[in-house]
Each structure stands twice: as C-alpha cells, then as structure tokens.
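One structure is given below, encoded as structure tokens.
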Amino acid sequence: MTDPSLAASVIDTSKPHPARVYDWFLGGKDNYPVDEELGRQITAMEPTAKYGARHNRWFMQRATRMLAARLGVRQFLDIGTGIPTEPNLHRIAQTAAPETSVVYVDNDPIVLAHAEALLRGTPEGVTRYLQADAREPRKILDLAREILDFDRPIAVSLIALLHFIPDEQGAYEIVRTLVDALPSGSYLALSQLASDHDEERTRRAVAMYAASGVTLVPRSRAEMAKFFAGLELLDPGVVWLPDWHAELAVDEERDGTAVPLYAGVARKP
Ligand SMILES: C[S@@+](CC[C@H](N)C(=O)[O-])C[C@H]1O[C@@H](n2cnc3c(N)ncnc32)[C@H](O)[C@@H]1O
C-alpha cells in the first residue's frame, strides 16, 4: 500500500494537484513545476497565501493538542491528510498520549508515495494510512473500523479538505455520514476557505485553480457552520482560523496575518 514506485507510476505531473500546491506553499520539496506555477500565480495575487497554509497547519496542531491533551481523545481519523509535514497529526496526538491510534486518509497518489513518514508512530499507538476518496465515506468507515474502535470517541478531521468538494459532490452528506457513524463524545474538526473574506481575490483564486483543472469551493461562515449541524461547537465557534484558540498558539503563530479560512471544532452529544 505504501510502495513508492507503485504510487509514482500514477502521479500525474501534467496538472497541479491540491496536495502538491499546498506542499509548495509550505516550502516542501514534493511538488512539480505545474504545482509551483499555480502556487506562484496565487502568491502574486495574494502574497499571504504561504502564511495561510502555515496557519492552517498550525490550526491542525492546536486542534489536535486540544483534543488529545485536554479532551482525552485517543483515536483520530484524519481525511485529506496531505503530504507529510512535521509535526504531523500523529506526532502531536501521540506526544500527548503514546497509545493514541491515528488513521490517515488521502486520495492523492503523491501522499501514498510518502505515506511511510506518516507511519512512524509510537510503539504503543497505531498509525495507518488509507488511500481512499472522501467522496466515498462509507468505504472509509469500513476500512477505519478495522483499525479504530467505533464504540470509543474518535476525532474526525477534515482540515482544508472540504473546499475541494462541491455541494453537488455531496460535501454535506459526506460529513453527515461520517458523524452519524461516530459514538457520542466524538469530535469533528474542520477548516475551510472562506467566501466572504475578500470576495474579489477569492473569485480570482477560484478562477486560477479552475484554469488548472482544480475545483475550489469557498464557503461563507454560515455555510461552514452547517457542517456542524447537530453538534455542540466548542468555544469560540466557527471563527477566522488564526483566532481559534489563539492562546494555544506558540509565539511563531501570532504573526497577525489575516487568513481567509474558517475553522471550528465540535463535539457529538
Ligand atoms: C490543502 S491539503 C490539506 C492537508 C492537511 N489536511 C492540512 O491541513 O495540512 C488538502 C488535501 O486533501 C486531499 N484531497 C482533496 N480531495 C480529496 C478527496 N476527494 N479525497 C481525499 N483527499 C482529498 C488532497 O490530496 C490534499 O492532500
């Protein structure tokens, strides 16, 4: 499942892929000229794009620390994981509690090619990588059930994923299917590109991605909040991403950059 040569044979370098463009924004090396080209176009229009990617990563870290260290969650299902970037989610969760189980899911073959970096977890815990598409949540749940105990709380994270899934492709139904499968006391952590931050720049970013064959779906705060229907939002609710529990941020994270992403975490009652 993690054979790099197998994955390399299906990596399409003729058009940009979200995981690789994001890797370029983060300063990674696992991207191709087409990804860099789109990254540069976006950065020329929106110079803070790279900081946005870093802030998004920091949100993942804060949310995971909160869930693992403060709320005692010991099982994580992270969908749309991305190319490994230290510290990865399992590092943070297993630092809080080494026995934590983490299941990663992504549909991009480049993530599969690098998945071994996602599997270097603690001996006490479990870390697994599944190659699957978020648009098939039942398949993901079936695979995850072989690893995670669905009678104990699970934190499902879809961090900077849902803006690649249009409503017509079932974005809300995907979240609903995942949440319905979780026991009480589980959590949902989301971040998502905002449609109402700077509408003109967002429109241009959507057009740039579209010209490269990637669909980007910004959503308003209310549309983001709908993903949490039936759940109890943790304070401070759905907010601009750097504002989500800013008190948990390390100094580096407090750079004051405005980030056009919403973030939130909620508990299943
Ligand atoms: C912007 S990256 C975010 C990575 C990571 N969650 C983070 O926040 O740092 C989005 C990831 O979602 C993945 N992705 C996009 N559409 C997907 C789908 N339908 N199923 C599974 N993964 C998907 C991409 O391959 C990419 O790795």
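Worth knowing before you read on, the calculation uses all heavy atoms, side chains too, and leaves out hydrogens, waters and symmetry mates. Because the structure is predicted, anything quoted here is derived from the model rather than measured. We count ligands from 1, going down the list as the structure has it; atoms in each ligand are counted the same way. When a residue number appears, it is its place in the shown sequence, counting from 1.
Looking from atom 3 (C) of ligand 1 to the surrounding protein, the closest heavy atom is I159 O, 3.6 Å. Summary of contacts: the protein heavy atom closest to atom 6 (N) of ligand 1 is G80 O, 2.6 Å. At the top of the distance list for atom 8 (O) of ligand 1, counting protein heavy atoms only, stands N56 ND2, 2.7 Å. Counting protein heavy atoms only, atom 5 (C) of ligand 1 is closest to T81 O, 3.0 Å. Here the protein heavy atom with the shortest distance to atom 19 (N) of ligand 1 is D133 OD1, 2.9 Å. Given atom 14 (N) of ligand 1, the protein heavy atom at minimum distance is L161 CD1, 3.4 Å.
Atom numbering of ligand 1 starts at 1 in the shown order; those under 4.0 Å from a heavy atom of D108 are 25 (O). Proximity to A132 (heavy-atom distance under 4.0 Å) selects the following atoms of ligand 1: 21 (C). Residue-ligand proximity, G82 to ligand 1, at heavy-atom distances under 4.0 Å covers atoms 4 (C), 27 (O). Under a 4.0 Å criterion applied to the non-hydrogen atoms of A19, ligand 1 contributes the atoms 25 (O), 26 (C), 27 (O).
Centroid-to-centroid, the aromatic rings of Y104 and H90 come within less than 6.0 Å.
Here atom 23 (C) of ligand 1 lies nearest to N107 when heavy atoms of L130, V21, N107 are compared. Comparing heavy-atom distances from atom 20 (N) of ligand 1 across A160, S191, P137, A134 singles out A134 as nearest.
Counting heavy atoms under 4.0 Å from ligand 1, residue A53 does not touch it at all.
N88 places none of its side-chain heavy atoms less than 4.5 Å from the side chain of D78.
Ring geometry, W240 versus Y262: the interplanar angle falls under 30°, so the pair is classed parallel (tilted spans 30 to 60°).
Distances from ligand 1 to the non-hydrogen atoms of R135 include at least one value under 4.0 Å.
Between the side chain of S220 and the backbone N or O of S195 there is no donor-acceptor pair closer than 3.5 Å. D167 contributes no side-chain N or O that, together with a main-chain N or O of Y172, makes up a donor-acceptor pair within less than 3.5 Å. Within the 3.5 Å criterion, the main-chain N or O of E124 finds no donor-acceptor partner in the side chain of E99. Here the side chain of R204 pairs no donor or acceptor atom with the backbone of M45 at under 3.5 angstrom. In this structure, R74 contributes its side chain and G125 its backbone to no donor-acceptor pair below 3.5 Å.
The environment of OH in Y51 is sparse: at most 12 heavy-atom neighbours from other residues, nucleotides or ligands sit within 6.0 Å. In this structure, R254 places its CZ atom where more than 12 heavy-atom neighbours from other residues, nucleotides or ligands lie under 6.0 Å away.
The N/O atoms of D106, backbone and side chain alike, include one that comes under 3.5 Å of an N/O atom in ligand 1. Checked by distance only, ligand 1 and Y22 come closer than 3.5 Å through their nitrogen or oxygen atoms.
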